[in-house]
Enquirer: 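Once you've had a glance at the structure underneath, I'll fire off some questions.
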Amino acid sequence: MYLPNFEYFQPDSIEETCQLLSQFGSKAKLMAGGTDVIIKMKKELLAPEILVSIEKIDQLKKIEYVPGKGVVIGSGVIHNDLVYSELLHEKYLSISEAARQMANNQVRNLGTVGGNIGSAVPSADLPPILIALGATVKITGVQGDRTMDLENVFIGPGKTVLTQDEIITEVVIPDQKMTGSNYIKFGLRASGALAVVGVAAAVQVDNNAIKDARIVLGAVSPTPVRAKKAEEFLRDKKISDELLAEAGVIASGECKPITDVRGSAEYRKDMVRVFTRRALRKAIDEGHA
Amino acid sequence: MLKFVTDKDGVKRYLVTLKVNGNEYTKMVKANSLLVNFLRGELDLTGTKKACEQADCGACTVLLDGKPVNSCMILTINADGREITTVEGLASNGKLDILQEKFIEHSAPQCGYCTPGILMSAKALLNRNSHPTEYEVREAIAGNLCRCTGYVNYVKAILDAAENQ
């Protein structure tokens, strides 16, 4: 397979990237790891005249802890850097484990955090766990920066609130009250498969009761969605198997899955019920592991 | 800053330097040149195979700065200034890599088409983790599809190579 002709830019800074995107408008496409853009170009779903690669911007490739802010993950960080990050192993192994479930090893060495969010694929593996942990994103454009909750970034399949000149520059996981978090994915194979269902849960446990919970469902709605009724139901209740099972039932009513080659809507709904229960149990028992 | 020339049709060719298997190559490439096609077509390194060409099968796996990647998903221009190892770069001074020796010993390849890719994934694993578990081996080669489905001997060979390297 070959690609059509296009022009290539490789800016060294975020400012220059935004300027190029603004200057060329809809003719230009932003590329990070390329695992989404190149495939779409091969399949003729995209034919940009200009590709703007952020590969050379080292500033976007850092994972660090900033006191008072939280864990800051640059948008150019590749999935395998999350998988092997000592900082994440210490603080949020759940993020490393979610990253580990994305595609296969070769793709994890190319695909970036910013790409996984920005391509807005409903079955993406990182957004559920990041949203469960209350992550915010920094978005930079020619006008400057804005920060928003990750859960508000998605509008629909392939659609985000980003304007043509904007790029995601960092994801911030704030210091947590949540005592545990987890992402469970079901794909048709162990490797290289998109999620049929992915459920992330974060819980704040205190004295054998749930103080607060966040449940995020992936691959079962046009965007990742929070199961807010289930979250509300769990608040200030004593932990029991029956409670978690009931939360699963409520969560399964909060998604709008489609039927496709990977699974039927009914199946997905029922898997949400089971996975919500399991993700909650794991987050309660194992912390952020 | 990338240097380029523009031909009479307005198509740009960019100057790139890649270090492949220890050798430096400076070439003019179009932006749409894919690394797998560059390696096979320009450098005649046909050990790297093409199959699915959509990052599913792993036949085109090469090491980019030591990490296994699908060369069908990488623009040659993106590999400018970086180090690439292909299956041709595994043997040195006429001596096969321990992985290659063990692949032969265990009769791991059947048709052999996926073998270069599996070798590169295995090489990257052993570079990072000299004593992997069976699970870690299986995870490392999970992005390499073998349509003869002969995974068992590959796993045995890689574990054996790890023990004897």
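Because only heavy atoms are used, hydrogens play no part in the values below, and waters and symmetry mates are left out as well, while side chains stay in. Note that the coordinates shown come from a computational prediction; the quantities given were computed from them, not determined experimentally. Within every chain, numbering begins at 1; the chains are lettered A, B, ... in the order of the sequence lines, protein sequences first and strands thereafter.
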Enquirer: Using 4.0 Å as the upper bound for N to carboxylate O, is an ion pair formed by B:Arg82 and A:Glu55?
Expert: yes
Enquirer: State, yes or no, whether a side-chain contact exists between A:Tyr8 and B:Asn32 at a heavy-atom distance under 4.5 Å.
Expert: no
Enquirer: Please assess A:Glu7 against B:Lys12 for the test side-chain contact (heavy atoms from CB on, under 4.5 Å), listing each intermediate value before the final yes or no.
Expert: CA-CA 7 Å; A:Glu7 225 177 298; B:Lys12 290 188 169 122; 2.5 Å; yes
Enquirer: Is a side-chain donor or acceptor of B:Lys30 paired with a backbone partner of A:Asn5 at a separation under 3.5 angstrom?
Expert: no
Enquirer: Side chain, backbone, both or neither: which part of A:Pro11 has a heavy atom under 4.5 Å from chain B?
Expert: neither
Enquirer: Under 4.5 Å from any heavy atom of chain A, what part of B:Ile74 do you find: side chain, backbone, both or neither?
Expert: side chain
Enquirer: Assess whether atom CD of A:Gln59 is packed by more than 12 heavy atoms of other residues, nucleotides or ligands within 6.0 Å.
Expert: no
Enquirer: Is it the backbone or the side chain of A:Ile50 that comes under 4.5 Å from a heavy atom of chain B, or both, or neither?
Expert: neither
Enquirer: Which heavy-atom pair separates A:Arg100 from B:Glu139 by the least distance, and what is that distance?
Expert: NE-OE2, 2.7 Å
Enquirer: Between B:Cys52 and chain A, which part of the residue has a heavy atom less than 4.5 Å away: side chain, backbone, both or neither?
Expert: backbone
Enquirer: Carefully, step by step, assess A:Gln106 and B:Lys67 under the rule side chain to side chain donor-acceptor pair (under 3.5 Å).
Expert: CA-CA 8 Å; A:Gln106 288 93 320; B:Lys67 290 175 181 164; over 6 Å; no
Enquirer: Tell me, side chain or backbone of B:Arg138 under 4.5 Å from chain A's heavy atoms, or both, or neither?
Expert: neither
Enquirer: Verify the neighbour count for atom CG of B:Asn93: are there more than 12 heavy atoms of other residues, nucleotides or ligands below 6.0 Å?
Expert: no
Enquirer: Looking at A:Asp12, A:Ile39, A:Asn105, which makes the most heavy-atom pairs under 4.5 Å with chain B?
Expert: A:Ile39
Enquirer: Which is it for B:Asp80 and A:Gln10 under the side chain to side chain donor-acceptor pair (under 3.5 Å) test, yes or no, and what are the steps along the way?
Expert: CA-CA 11 Å; B:Asp80 180 33; A:Gln10 202 170 54; over 6 Å; no
Enquirer: Should A:Asn104 and B:Asn144 count as side-chain neighbours, where that means a heavy-atom distance under 4.5 Å?
Expert: no
Enquirer: What part of A:Phe9 gets within 4.5 angstrom of chain B, counting heavy atoms only: side chain, backbone, both, or neither?
Expert: neither
Enquirer: Between B:Phe4 and chain A, which part of the residue has a heavy atom less than 4.5 Å away: side chain, backbone, both or neither?
Expert: neither
Enquirer: Under 4.5 Å, counting heavy-atom pairs only, tell me which of A:Gly192, A:Ser53, A:Pro4 racks up the most with chain B.
Expert: A:Pro4
Enquirer: Does the side-chain contact (heavy atoms from CB on, under 4.5 Å) test come out yes or no for A:Phe6 and B:Leu75, once each step is laid out?
Expert: CA-CA 12 Å; A:Phe6 54 87; B:Leu75 300 177; 4.0 Å; yes
Enquirer: Decide if atom NZ of B:Lys49 counts as having more than 12 heavy atoms of other residues, nucleotides or ligands within a radius under 6.0 Å.
Expert: yes
Enquirer: Tell me, for B:Asn78 versus chain A, whether the close heavy atoms (under 4.5 Å) come from the side chain, the backbone, both or neither.
Expert: both
Enquirer: Could you tell me which portion of B:Leu34 (side chain, backbone, both or neither) has an atom closer than 4.5 angstrom to a non-hydrogen atom of chain A?
Expert: side chain
Enquirer: Most heavy-atom pairs under 4.5 angstrom with chain A, which of B:Asp56, B:Ile77, B:Leu125?
Expert: B:Ile77
Enquirer: Give the intermediate values and the outcome of side-chain contact (heavy atoms from CB on, under 4.5 Å) for residues B:Lys50 and A:Met1.
Expert: CA-CA 9 Å; B:Lys50 295 209 283 183; A:Met1 266 182 259; over 6 Å; no
Enquirer: Let me know if B:Ser33 has heavy atoms under 4.5 Å from chain A in its side chain, its backbone, both or neither.
Expert: neither
Enquirer: State, yes or no, whether a side-chain contact exists between B:Asn70 and A:Val107 at a heavy-atom distance under 4.5 Å.
Expert: yes
Enquirer: Please classify the contact of A:Met31 with chain B as side chain, backbone, both or neither, using a heavy-atom distance under 4.5 Å.
Expert: side chain
Enquirer: Contact part of B:Val69 toward chain A, heavy-atom cut-off under 4.5 Å: side chain, backbone, both or neither?
Expert: both
Enquirer: Check B:Gly143 against A:Ser191 and note the closest heavy-atom contact, atom names and distance.
Expert: N-OG, 4.3 Å
